[in-house]
2 protein chains.
Amino acid sequence: MKDSTREAIDGVLGVDRLVHEPARLAILTVLSQAEYAEFGFLELACRLSKGNLSSHLSKLEAGGLVSIEKRFVGKRPQTRAAITPAGREALQRYRKQLAALLGAATEQNGGETP
Amino acid sequence: MKDSTREAIDGVLGVDRLVHEPARLAILTVLSQAEYAEFGFLELACRLSKGNLSSHLSKLEAGGLVSIEKRFVGKRPQTRAAITPAGREALQRYRKQLAALLGAATEQNGGETP
DNA sequence: GCAAACTAGTTTGCCGCGCAAACCTTATGC
DNA sequence: GCATAAGGTTTGCGCGGCAAACTAGTTTGC
């Protein structure tokens, strides 16, 4: 087994579950491309129901990966989310781990290679 | 929001959960690089306990992504796993989806881009 | 002015899943 | 003969994602 494969596997086994969840990965990806985003925008951008978006945002906030700001616009409440520096780092680390796995190309050896 | 980002998000939201799980991703990655692998080898290669390896292999088999062959070597049982064509396709598809996400580079725009 | 509908989220409940631990069976040492 | 190891499978539990229900306030229709 190649060293690069060994590292790729160790990487994927060590991914942050908070980041690894598809819905949250979508949220973090969107947030990484803008300074902030409103709840309604994320709802559309990530194709999530309000309920699920709300709970995922709460978890990301609890993990310190995003910050949530609530305010009023006119008489309506509005929630804004932004990625934190820790969130950026976590996403970066995740991307490296996944990139390593994708780099583990599909090479054919005979049976296993102990 | 850029088209490539839109596609990346749709991709990640649509990943096959059977493949997305880190332990199974490790198993599939190892299997994709050899014709087959023995249980004991996978245990070491994927750093999984026998119990967890067993249950993950069962799920992969149930999903048709790997095939399991049981036989006896002397008087001891031995289990061999191999990735199936469907498994290769699923892994391939997964890789494309993740690659799209990694490709969604971290570009800074001002706030959101509706 | 009041009900119905809409906006903007949060909370609740279920069920499916990953993981650790217990268990089983057949060898191999001591 | 009794512990230990190889080669797994099964069981139990606790967390977690998702859909659905709920809350709270606002706007619209009549």
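These numbers come from a predicted model, not from an experiment. Below, chain A is the first sequence line, B the second, and so on; all start at residue 1.
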Just how far, in rounded Å, is [atom2] of [N] from [atom1] of [X]?
| X | N | atom1 | atom2 | answer |
| --- | --- | --- | --- | --- |
| B/K59 | D/dT9 | NZ | P | 14 Å |
| B/F41 | D/dA6 | CZ | C1' | 18 Å |
| A/L57 | D/dC18 | CG | P | 13 Å |
| B/E61 | D/dG8 | CD | C1' | 14 Å |
| A/F72 | C/dT7 | CZ | C1' | 12 Å |

_Qualifying ring pair (Phe, Tyr, Trp, His ring centres under 6.0 Å) pairs, either residue in residues 77-98 of chain A, two or more places apart_ = A/H20-A/Y94
Check: residues 56-63 of chain A side-chain donor-acceptor pairs under 3.5 Å, at least two apart:
unit_1	atom_1	unit_2	atom_2	d
A/H56	ND1	A/R24	NH1	3.2
A/S58	OG	A/S54	O	3.1

*May I ask which nucleotide in the shown strands pairs with D/dC30, Watson-Crick or G-U wobble, both distances under 3.5 Å?*
C/dG1
_Using OP1 and OP2 only, check whether a side-chain N or O of A/H56 sits under 4.0 Å from D/dG16._
no
_Sequence-distant partners of A/E7, salt bridge (charged side-chain N to carboxylate O under 4.0 Å, His left out), two or more places apart_ = none
_Set of salt bridge (charged side-chain N to carboxylate O under 4.0 Å, His left out) partners for A/R76, sequence neighbours left out_ = none
Please tabulate, for the side chains in residues 67-75 of chain B, all donor-acceptor contacts under 3.5 angstrom to protein atoms that are two or more places apart in sequence or on a different chain.
unit_1	atom_1	unit_2	atom_2	d
B/R71	NE	B/Q78	OE1	3.1
B/R71	NH2	B/Q78	OE1	3.0

_side chain to side chain contact (heavy atoms under 4.5 Å, CB included) for A/S32 and A/R95? Distances and angles first, verdict last._
CA-CA 12 Å; A/S32 75; A/R95 281 177 164 150; 4.2 Å; yes
Report, one pair per line, the protein and nucleotides 8-15 of chain C atoms (nitrogen or oxygen only) whose separation is under 3.5 Å.
unit_1	atom_1	unit_2	atom_2	d
C/dG9	OP1	A/T79	N	2.7
C/dG9	OP1	A/T79	OG1	2.5
C/dT10	OP1	A/K70	NZ	2.6
C/dT10	OP2	A/S54	OG	2.5

*Please list, chain by chain and in numerical order, all residues satisfying side-chain contact (heavy atoms from CB on, under 4.5 Å) with B/K96, sequence neighbours excluded.*
none
*A/R47: partners by side-chain contact (heavy atoms from CB on, under 4.5 Å), with sequence neighbours left out*: B/R6, B/D10, B/L13
_DNA chain C contacts made by residues 12-30 of chain A, counting heavy atoms under 4.0 Å_ = A/R17
